[in-house]
Amino acid sequence: MKRSSNLFEGVIHGIFLILGLVTIACVLIISIYLIVSGIPAILEIGLVDFLFGTQWASTAAEPKYGILPFILTSIYGTLGAIALGVPVGVLAAVYLSKMASGPVKNTMGQMVSILAGIPSVVYGLVGMMVLVPGIRKLFQVPDGASLLAAIIVLAVMILPSIIKMSVTALEAVPKEYEDASLALGATPEETYFRVSIPAAKSGIAASVVLGVGRAIGEAMAVMMVAGNAPNMPDSLFQSVRFLTTAVASEMSYSGGLQRRALFSIALVLFIFIMLINALLNFFLKGEKKE
Amino acid sequence: MKPIITAKDLCLWYGQSQALKNIDIAIPEQSITALIGPSGCGKSTFLKTLNRMNDLIPGVKITGTVEYNGQSIFDQDVNLLRKEVGMVFQKPNPFPMSIYDNVAYGPRTHGIRDRKRLDEIVERSLRDAAIWDEVKDRLKKNALGLSGGQQQRLCIARALAVQPRVLLMDEPTSALDPISTLKIEELAAKLKDKYTIVIVTHNMQQALRISDHTAFFLLGELVEYGDTDQIFTNPADQRTNDYVTGRFG
């Protein structure tokens with residue numbers, strides 16, 4: 001009896017182990033595949049020409065494979081989304097965690113969850129139908145599909161993760177800290193800004209990094225609103241292409257060096273996201289220590 | 001001595017349950033008043049009424065009057081009241097920031113930005129709280145690195161930094177070891193030259209050691225209030241006698 005149950009547990013253990021290994025295998029296979037298929041084009045084009053070339057003309061008679069426009073667009077787009085989304089998200093989190101009364105808080109919290117669940121193509125659609133014409137009219141530019149439109153869409157898309165994580169961090173701030181501040185004659189608002197937010201700073205920082213990760217990896221929504229022309233992002237109203245959309249928009253008809261270069265772009269994006277993940281782990285560890 | 005805080009006919013309810021019943025008390029200036037009584041008797045609730053920290057609890061209803069400095073506390077700006085009537089909590093609760101920033105927090109809140117003045121205030125407050133010598137070389141270090149007793153004296157320094165006239169202490173030594181407790185008691189005795197102290201304590205020896213006046217609370221009522229010596233040696237009420245002689249509580 002004892003023996004067979006041991007055998008049974010062994011089998012179950014084995015199955016679970018295999019399931020775990022499958023996940024790890026996926027990560028490894030994707031990483032290796034990307035590295036193997038991404039490196040040849042970089043070698044062929046030259047690392048400097050590839051990363052710092054300002055022109056992308058993959059289908060021209062004399063093709064150019066410079067991805068600096070995509071890199072800068074992804075960086076600017078993400079930073080812009082953070083600049084817009086973080087203040088809104090953190091302040092909303094302060095409101096939700098500290099000021100809102102029960103029913104308001106519940107309703108708003110659920111709305112935020114719904115916002116997180118909306119498919120990115122829907123964000124893209126709304127951006128295309130509302131935001132793009134809006135920008136065209138408001139700023140009197142020939143085309144509203146631009147870096148600005150992408151930034152705004154991304155800012156909205158990263159709000160839920162910033163709000164949720166910041167609320168969790170703010171709610172974990174011991175009430176004793178806030179009581180101490182109030183008892184010194186500070187107003188509730190002063191208390192939130194000078195005690196609660198600093199005490200929750202590693203959690204809030206982690207939420208920002210998570211938002212960066214989401215923004216830099218987003219493809220569908222930005223493809224629909226950014227205009228998708230491989231320009232250098234010189235102005236907010238420039239039609240631009242992100243790292244993600246660069247891969248997505250040409251993959252279906254590419255071949256030869258062009259196709260290999262798209263894999264190299266994916267590799268660059270992958271490295272960006274790995275760095276962001278490392279940063280996230282760093283902040284989360286910091287929070288645990290405190 | 002003239003009273004600095006006077007409560008008349010003070011009642012307080014948490015929702016349906018009455019926590020304070022018709023409290024009448026006049027707390028004299030520059031002395032230590034101890035509030036004693038068994039758990040749940042209302043002594044902490046009364047203390048927190050004095051700087052209106054009870055306002056923060058939903059469902060609290062208060063009737064009667066409390067005057068600070070001759071004016072009803074409910075008519076005063078709550079932030080200014082709390083500046084004048086400081087508080088030290090049961091569990092040491094320094095902010096997770098440097099020792100310096102902890103003490104400077106209050107003055108900064110009240111608009112002092114000048115670096116030199118802040119330096120002076122921080123040093124004076126830490127000296128007054130008898131912790132300056134222990135921390136003067138590590139003002140920039142995180143306050144959470146201090147021992148429990150040091151943290152509590154830091155919290156006292158933080159409260160003193162806004163120059164209150166009254167210091168409310170809610171069982172300030174209940175989380176501390178005997179030596180740290182002794183230090184806080186010595187400090188309280190010293191501070192009464194400048195400040196009025198109202199201290200809630202579970203420890204009757206502590207009340208006897210440091211206080212000038214003692215108020216005995218039971219089931220939300222103020223049973224007896226008088227000179228500490230009289231309360232402990234010759235109480236007028238049988239219930240007080242039973243409590244101070246250790247028959248219950």
Side-chain angles (χ1 to χ4, degrees), chain A residues 90 93-109 165-207 282-290, chain B residues 47-48 50-58 76-98 101-112 125 142-145 151-152 154-164 166-170 175:
Chain A
V90 171
V94 169
Y95 176 74
L96 277 177
S97 59
K98 304 292 173 194
M99 301 156 113
S101 60
V104 177
K105 183 179 166 162
N106 281 341
T107 322
M108 261 198 192
M165 270 188 92
S166 300
V167 164
T168 310
L170 283 166
E171 279 179 346
V173 173
K175 202 176 157 298
E176 289 87 38
Y177 294 164
E178 285 156 11
D179 282 350
S181 169
L182 294 169
L184 286 166
T187 63
E189 289 74 24
E190 272 176 300
T191 302
Y192 304 144
F193 283 100
R194 293 181 53 209
V195 174
S196 313
I197 292 181
K201 65 176 184 289
S202 61
I204 292 174
S207 83
F282 172 78
F283 279 121
L284 288 178
K285 247 183 223 148
E287 185 172 39
K288 244 177 230 155
K289 241 180 246 161
E290 282 169 20
Chain B
L47 191 78
K48 286 182 184 139
L50 301 182
N51 67 344
R52 292 181 56 188
M53 286 300 275
N54 280 332
D55 289 14
L56 303 170
I57 302 166
Q76 301 184 28
D77 180 286
V78 67
N79 300 317
L80 290 181
L81 173 75
R82 287 180 187 154
K83 179 181 178 295
E84 299 265 303
V85 183
M87 186 162 215
V88 176
F89 294 81
Q90 185 168 2
K91 209 178 116 210
N93 58 352
F95 300 128
M97 42 178 101
S98 74
D101 288 337
N102 261 280
V103 183
Y105 183 89
R108 281 179 178 146
T109 296
H110 297 287
I112 297 173
S125 308
N142 195 313
L144 299 183
Q151 287 188 9
Q152 194 63 302
L154 175 65
C155 291
I156 293 174
R158 182 176 65 185
L160 296 180
V162 295
Q163 295 185 290
V166 180
L167 208 51
L168 308 175
M169 295 181 160
D170 188 3

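Note on naming: letters A, B, ... go to the chains in the order of the sequence lines (proteins, then strands), and numbering restarts at 1 for each one. These numbers come from the heavy atoms of this one structure, side chains and all, not from hydrogens, waters or symmetry mates.
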Problem set entry | Closest non-hydrogen atom pair, B:F95 against A:A180 | CE2-CB, 3.9 Å
Exercise. Hey, which of B:M87, B:M97, B:E84, B:M53 has the most heavy atom pairs under 4.5 Å with chain A?
Worked result: B:M53
For this session: Evaluate the side-chain proximity of A:D179 to B:L56: yes if any heavy-atom separation is below 4.5 Å, no if none is.
Result: yes
For this session: Kindly give the heavy-atom pair with the smallest separation between A:A183 and B:N51, and that separation in Å.
Result: CB-ND2, 4.2 Å
Exercise. Which atoms of B:L81 come close to chain A, meaning under 4.5 Å heavy atom to heavy atom: side chain ones, backbone ones, both, or neither?
Worked result: neither
Problem set entry | Shortest non-hydrogen contact between A:L182 and B:R82, atoms and distance | O-CD, 3.0 Å
For this session: Mind listing the closest non-hydrogen atom pair of A:S181 and B:Y105 along with its distance?
Result: OG-OH, 2.6 Å
For this session: Verify, without hydrogens or angle tests, whether B:N93 (side chain) and A:Y177 (backbone) share a donor-acceptor contact under 3.5 angstrom.
Result: no
Exercise. Does any heavy atom of chain A fall under 4.5 Å from the side chain of B:P58, the backbone, both, or neither of them?
Worked result: neither
Problem set entry | Donor-acceptor contact present, side-chain B:H110 to main-chain A:L184, <3.5 Å | yes
For this session: Counting only heavy atoms closer than 4.5 Å, note whether B:R52 contacts chain A via side chain, backbone, both or neither.
Result: neither
